[in-house]
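First the proteins, then the strands, lettered A, B, ... as listed; each starts at 1. Side chains are part of it too, since the values below use all heavy atoms of this structure and drop only hydrogens, waters and symmetry mates.
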2 protein chains.
Amino acid sequence: MSTENLSTRTRILNAAWKLLEDSASKARMSDIAKAAGVSRQALYLHFPNRADLLIATTRHIDEAKQIEVRLAPSRAATSGVERLARFIEAWGNYIPEIYGVARALMAMQDSDAEARQAWSDRMLAVREGCKAAVAAIEADGLLAESLDSGTATDLLWAMLSVRNWELLTVQCGWTQDTYISEIKALAGRSLVSEFTPDH
Amino acid sequence: MSTENLSTRTRILNAAWKLLEDSASKARMSDIAKAAGVSRQALYLHFPNRADLLIATTRHIDEAKQIEVRLAPSRAATSGVERLARFIEAWGNYIPEIYGVARALMAMQDSDAEARQAWSDRMLAVREGCKAAVAAIEADGLLAESLDSGTATDLLWAMLSVRNWELLTVQCGWTQDTYISEIKALAGRSLVSEFTPDH
DNA sequence: TGTCAACTTTACACAGTGTCAAGTTGATTC
DNA sequence: GAATCAACTTGACACTGTGTAAAGTTGACA
């Protein structure tokens with residue numbers, strides 16, 4: 001796709017996305033500007049600061065990657081266990097897509113309150129997905145006896161955190177496929193009573 | 001304990017420790033210097049840079065908090081399940097002690113290769129503990145059927161990561177006691193076959 | 001021809017790390 | 001009691017990256 005006719009704003013977002021995608025490259029404001037073919041100051045004409053630019057980049061990716069569409073199978077599931085599996089697939093496979101931006105945003109959390117808030121909001125949305133899956137399992141009467149739904153939601157949320165994905169894939173060297181299947185199995189064993197993996 | 005007779009180096013380490021402990025306070029080099037009652041430059045006489053100072057601080061804490069002693073019950077355990085439980089208690093209760101420094105060190109990972117290495121080394125030590133616990137369970141013939149020991153080690157390591165502790169306690173608001181008991185239960189359900197919580 | 005928005009160019013303020021060089025000070029040694 | 005030395009202080013400065021400010025350019029549109 002030609003980059004010519006796109007608005008400056010879009011070119012900036014695409015540049016930020018691309019730079020953040022490969023972990024090797026730095027993504028300072030000047031780097032992003034250079035990659036977008038605009039001056040560094042042009043960035044500040046469109047985004048008040050780096051945090052806002054990164055946040056806008058995540059929304060931009062969400063649109064391009066259609067996160068909502070990906071979540072549809074989970075919402076359409078007819079059983080709790082299936083809903084859990086489809087949700088893990090949707091979100092778990094989405095993590096690598098946003099990992100670059102996520103990393104940059106997480107790195108800013110200590111210094112930037114706005115970045116913290118933005119990331120927190122996104123993660124709370126994920127938590128809602130976890131909550132819905134847990135509720136569906138509970139409705140089937142299959143939530144592990146020792147768990148209440150709040151605790152189960154928190155645990156699932158933790159299992160599906162970007163940091164966990166990072167640890168298991170980047171650090172431990174798991175493939176994405178291994179990650180998905182092992183996390184599904186883990187969530188099943190630990191949240192669902194009488195769980196048997198539907199292979 | 002009087003701070004008078006301690007060496008400058010020790011006073012610096014104590015100051016860094018104290019500042020990093022309460023999450024409210026900043027811990028810039030100048031802050032640490034002020035807290036230690038020395039000039040900022042004195043810090044550079046003892047530590048080449050901030051990363052080294054933080055790393056030295058973790059070792060300082062390890063000594064003061066006797067991490068090795070805490071790990072003894074796990075090593076002395078007579079069954080795999082017990083070893084797992086004692087290890088989770090030892091490490092899980094140690095996390096809040098080092099969390100301040102850990103946070104600072106983790107925040108430096110993206111920019112500082114040395115900090116990354118130092119943190120990685122420490123976490124690999126934790127992984128060894130996980131590995132030993134998994135090996136003990138396996139030796140009892142109680143490792144969950146669907147798991148090989150490598151995967152089980154990785155999963156336990158992820159469950160016991162500082163990031164997970166942070167998510168569950170700081171973000172979800174779990175108490176430390178809840179964290180320990182829920183993680184024990186989670187590790188049991190997900191790693192051990194025929195697991196029954198010993199009350 | 002004039003106006004306006006979008007963008008560029010140049011310059012600067014600021015925070016925080018790390019470096020450098022020239023003091024001071026107090027203990028040790030001859 | 002003078003010289004020496006290590007440990008520390010003081011003040012200045014380089015560097016990086018973010019964000020701000022102000023003046024100049026350019027092309028479209030009226």
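- Note that CG of L191(B) and CG of L155(B) are 6.5 Å apart. Values are rounded to the nearest 0.5 Å.
- Closest to the side chain of Q41(B), out of dT19(C), dG16(C), dC7(C), is dT19(C).
- Here dT9(C) is the nucleotide among dG19(D), dT9(C), dG18(C) with the atom lying nearest to any side-chain atom of S39(A).
- Contact between the side-chain N/O atoms of H46(A) and the OP1/OP2 oxygens of dC7(C) is found at a separation under 4.0 Å.
- If you measure from atom CG of L43(B) to atom P of dT19(C), you get 13 Å, rounded to the nearest angstrom.
- Side-chain contact, Q176(A) with W165(A): a donor N or O sits under 3.5 Å from an acceptor N or O.
- Whole-Å rounding puts the Y44(B) OH to dA21(C) P distance at 17 Å.
- Below the 3.5 angstrom threshold, one finds a donor paired with an acceptor across the side chain of R40(A) and the base of dG19(D).
- Here CG of L13(A) is found 9.5 Å from CD of E63(A). Values are rounded to the nearest 0.5 Å.
- Per the geometry, NZ belonging to K34(B) stands 20 Å off P belonging to dC8(D), to the nearest Å.
- Whole-Å rounding puts the D31(B) CG to dG16(C) P distance at 8 Å.
- Between the CD1 atom of I32(B) and the P atom of dG16(C) there is a distance of 13 Å, given to the nearest Å.
- Of the candidates dG17(D), dG19(D), dT19(C), dG17(D) carries the atom nearest the R28(A) side chain, counting heavy atoms from C-beta on.
- Two residues are said to be in side-chain contact when any heavy atoms from C-beta on lie closer than 4.5 Å; I95(B) and T169(B) fail this criterion.
- Among the nucleotides dT18(D), dT9(D), dG16(C), the one closest to any side-chain atom of A42(B) is dT9(D).
- Counting heavy atoms from C-beta on, the side chains of V81(A) and D140(A) never come closer than 4.5 Å.
- Whole-Å rounding puts the K26(B) NZ to dT17(C) P distance at 10 Å.
- With distances taken from any side-chain atom of M29(B) to the nucleotides dC7(C), dG18(C), dT20(D), the minimum falls on dG18(C).
- One interatomic measurement links the two molecules: CE of M108(A) to P of dG19(D), which rounds to 6 Å at whole-angstrom precision.
- Atom CG in D52(A) sits about 13 Å away from atom C1' in dG19(D), given to the nearest Å.
- Considering only side-chain atoms of L45(A), the nucleotide from dT9(D), dG19(D), dT8(C) that sits closest is dT8(C).
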